[in-house]
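Only one structure is covered here, and it is reproduced in the block below.
No hydrogens, no waters, no symmetry mates; every other heavy atom, side chains included, goes into these values. Numbered from 1 within each chain, the chains take letters A, B, ... in sequence-line order.
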Number of protein chains: 2
Amino acid sequence: MVRRQVSMQDIARNAGVSRSTVSFVLNERTDISIPEETRARVREAARQLGYRPNVMAQSLAKESTNLIGLVTDIASSPFAGGIINGAQQAAWRLGKFLLIVSTEGDPARDEAALEMLLERRVEGLIYATQAHKVVALPSAAREVPTVLAHCVEESGEFPSVLPDEEQGGFTATRHLIEAGHQRIALINLDTAMPAARLREAGYRRALREARIEVDDRMITVGHATANGGFHAARTLLDGGEVPTALFCANDRMAMGAYDAIKEAGLHVPDDVSVVGFDNQEIIAAYLRPALTTVALPFERMGAAAVEVLSSVHGSAGCTPLLVPCPLVKRGSVA
Amino acid sequence: MVRRQVSMQDIARNAGVSRSTVSFVLNERTDISIPEETRARVREAARQLGYRPNVMAQSLAKESTNLIGLVTDIASSPFAGGIINGAQQAAWRLGKFLLIVSTEGDPARDEAALEMLLERRVEGLIYATQAHKVVALPSAAREVPTVLAHCVEESGEFPSVLPDEEQGGFTATRHLIEAGHQRIALINLDTAMPAARLREAGYRRALREARIEVDDRMITVGHATANGGFHAARTLLDGGEVPTALFCANDRMAMGAYDAIKEAGLHVPDDVSVVGFDNQEIIAAYLRPALTTVALPFERMGAAAVEVLSSVHGSAGCTPLLVPCPLVKRGSVA
DNA sequence: CTGAAAGCGCTAACAT
DNA sequence: ATGTTAGCGCTTTCAG
């Protein structure tokens, strides 16, 4: 099964040239002049023998591995999944591979993971989290270019790629305003989360720019679940001033809000319009009517992270790179 | 920034021994007798210099990379995500790394991906798909141990890891029977899919074993969406013989069925019990009441795949390894 | 018990 | 224009 792989040596012998000639030909080095006749002979030998370069040996000699390490807290979450996929695609485009390790939130594994990655001589490191938060990196991260995705580091020494939550909140609210709404309520997340503060800021800016007064009774905080959304929406709907539109800071809460609206004998979107946040496909696309929501740009963040590492983006600066959150229009706004 | 990494040579010099001694000490080789005093000196030098082994060089010398390639059609799907994560965890436990590439369903990339993976000298290959199906593998897959996850290969030459769909259908139906139901309808997927046939087979076996006659009017096929489930359920509910329980062959259809049930003025689970399939967390956990469903064991399939490759499981046979689909009880059955 | 030396597969500076 | 040679960092056989 494991019959020895054919090496450049074999090709050299077969084509009657030296190893270096083979190397030059196979690497298509045009700065070295080798007659086309010889090149053809070498290539033919390589083909016939079924030669496959050994990237590890190349890496060892060139001292460049084309490997990027990606450590994440929970790889199986759809969130991290998006980042991984985006990073993976971008890496592929650049001819690089990703070495992924999921720490399952165990900080001890963070360090072990980093160590293993460094032993494999990764040329860059992406540290991605499921939720937008502040993290502390093991100091070994300093030994290689590192970029954070969907999180920021305490010390502020590392570049990050973040969703532009403020713009997302703005876009959602703006969309509602453009649909003619004036009484727009916000069902926010716990404001300890950076995402909550920023989404609210965007909401406020949109209202302000449209010269709609911000009514604090229209801003509630719910537990980040369908149930939380249900209760928050019910409270709002029972209040004196019934909103005509709801901006929910996540899709799960929007899902609960749908139920509260139905229960109040109202209809989405005719009586109450709803915009969510997160674009959790399975919720958003299958709710009836389908939920208009703001997407977190995971794929693009993943891609941006590897591009920052490969310095496709010029800056190695540490001010976070903000990736826009696009609005996904479906059927819940009228 | 890239000050040359310290090598064994440096340690040898520093500890006043030869490179091979360093190698033996650091690899904790007890078959070579080296006085503890020397060992300590070497270890101390390694620590002081901040030595970090170069796994690539080790691999080159040992001809073993501890790398497993994983190619999948759509890495970002929650399905493939589970497989990737399970495989990742298992690989980590075995001290191996996964090299993941997502082909986005492009067959041309399948082959390119395989080639790149082989150039990196992966020691095994996992080919995972999002949906349970039959695939054709590029012939290069034959050059290295390969196992399929969630799919089977045309030729039947490769081992596979599959969910035990029949047992899943059986378990779901059995659960309904144990809750006292007799009139249990099935809303199935298009029976061209292997999953549909097997789930139905499990359904039939459960009824048969409970000596409940299978009524073909109770078996319908819906489009695999919330809408499909909605319509199928409505048809069933409008029929003469109204079922007291619905087994939906996926959660999306169950979601639609919920709506049909509500619209008919009935309640889940008091009037109609519902069991889904797939355990799409976001649907199942947040539906109200939460959906009892059968989970596809993605993580375990991923883990099993790498274990098969590492021959943790003895057999290198080609009869598929069936991983059980567990029932996840929530609130939709009474 | 330790060290010298060959080799893993490849790159690249230097000769020829 | 082609070949020789010295690495890259490590493992392992074989002498000493």
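Among pairs with a residue in residues 95-149 of chain B, those fulfilling ring-ring contact (aromatic ring centres under 6.0 Å, His included) read B/H132-B/H150, at least two apart in sequence or across chains. Within the structure, the salt bridge (Lys or Arg N to Asp or Glu O under 4.0 Å) test picks out the following pairs touching residues 18-34 of chain B (sequence neighbours left out): B/R29-B/D31. Screening residues 149-160 of chain B for salt bridge (Lys or Arg N to Asp or Glu O under 4.0 Å), with sequence neighbours left out, gives B/R142-B/E157. Within the structure, every pair that satisfies the salt bridge (Lys or Arg N to Asp or Glu O under 4.0 Å) test and touches residues 40-56 of chain A, not counting sequence neighbours, is listed here: A/E36-A/R43, A/E37-A/R41, A/E44-A/R47, A/R52-B/E115, A/R52-B/E143.
Remark on DNA chain C: of its neighbouring residues B/T21 and A/A61, the 5'-side contact belongs to B/T21, judged by nearest-heavy-atom nucleotide. Comparing B/S18 and A/R19, the nucleotide of DNA chain C nearest to each residue sits closer to the 5' end for B/S18.
Checking B/T21 against B/S18 by side-chain atom types alone, a donor-acceptor pair falls below 3.5 Å.
Here A/E299 pairs with A/N85 under the side chain to side chain donor-acceptor pair (under 3.5 Å) rule; sequence neighbours left out. Under the rule for a side chain to side chain contact (heavy atoms under 4.5 Å, CB included), the partners of B/L60 that lie at least two apart in sequence or sit in another chain are A/N54, A/A57, A/L60. Applying the salt bridge (Lys or Arg N to Asp or Glu O under 4.0 Å) criterion to B/K62, with sequence neighbours excluded, gives no partner residue. A search for side chain to side chain donor-acceptor pair (under 3.5 Å) contacts involving B/S59 returns nothing, not counting sequence neighbours. Under the rule for a side chain to side chain contact (heavy atoms under 4.5 Å, CB included), the partners of A/A91 that lie at least two apart in sequence or sit in another chain are A/K96, A/L98.
A close approach under 4.0 Å does occur between a side-chain nitrogen or oxygen of B/Q58 and OP1 or OP2 of D/dT11.
The separation between A/Q9 atom CD and C/dC10 atom P is 10 Å, rounded to whole Å. Atom CZ in A/R13 sits roughly 14 Å away from atom P in D/dG3 (whole-Å rounding). Computed from coordinates, the A/E119 CD to D/dG9 C1' distance equals 13 Å when rounded to whole Å. One can place CG of A/N27 at 17 Å from P of C/dG9, the figure rounded to the nearest angstrom. Residue A/K62 contributes atom NZ, which lies 18 Å from atom P of C/dG9 at whole-angstrom precision. Rounded to whole Å, the distance from CZ on A/R121 to C1' on D/dC8 is 11 Å. Between the CE atom of A/M8 and the P atom of D/dT5 there is a distance of 19 Å, rounded to whole Å. Distance B/E36 CD to C/dC1 P: 12 Å, rounded to the nearest Å.
The A/T38 side chain lies nearest to D/dT2 when the options are C/dT11, D/dT2, D/dT11.
Summary for the helix from C/dC1-D/dG16 to C/dT16-D/dA1: the axes at its two ends, each from 5 pairs, differ by 50° when rounded to the nearest 10 degrees.
Checked by atom type and distance alone, the side chain of B/S102 never pairs as donor or acceptor with a backbone atom of B/I100 at under 3.5 Å.
Within 6.0 Å of atom CD in B/E111, 12 or fewer heavy atoms from other residues, nucleotides or ligands are found, so the atom counts as exposed in its surroundings.
Contacts of residues 45-57 of chain B with DNA chain C (heavy atom under 4.0 Å): none.
Within 4.0 Å (heavy atoms only), B/L60 reaches at least one base atom of the nucleic acid. In this structure, B/S59 reaches neither bases nor backbone, as no heavy-atom distance under 4.0 Å exists between it and the strands shown.
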Between protein and nucleotides 13-16 of chain D, what N or O pairs are separated by less than 3.5 Å?
none

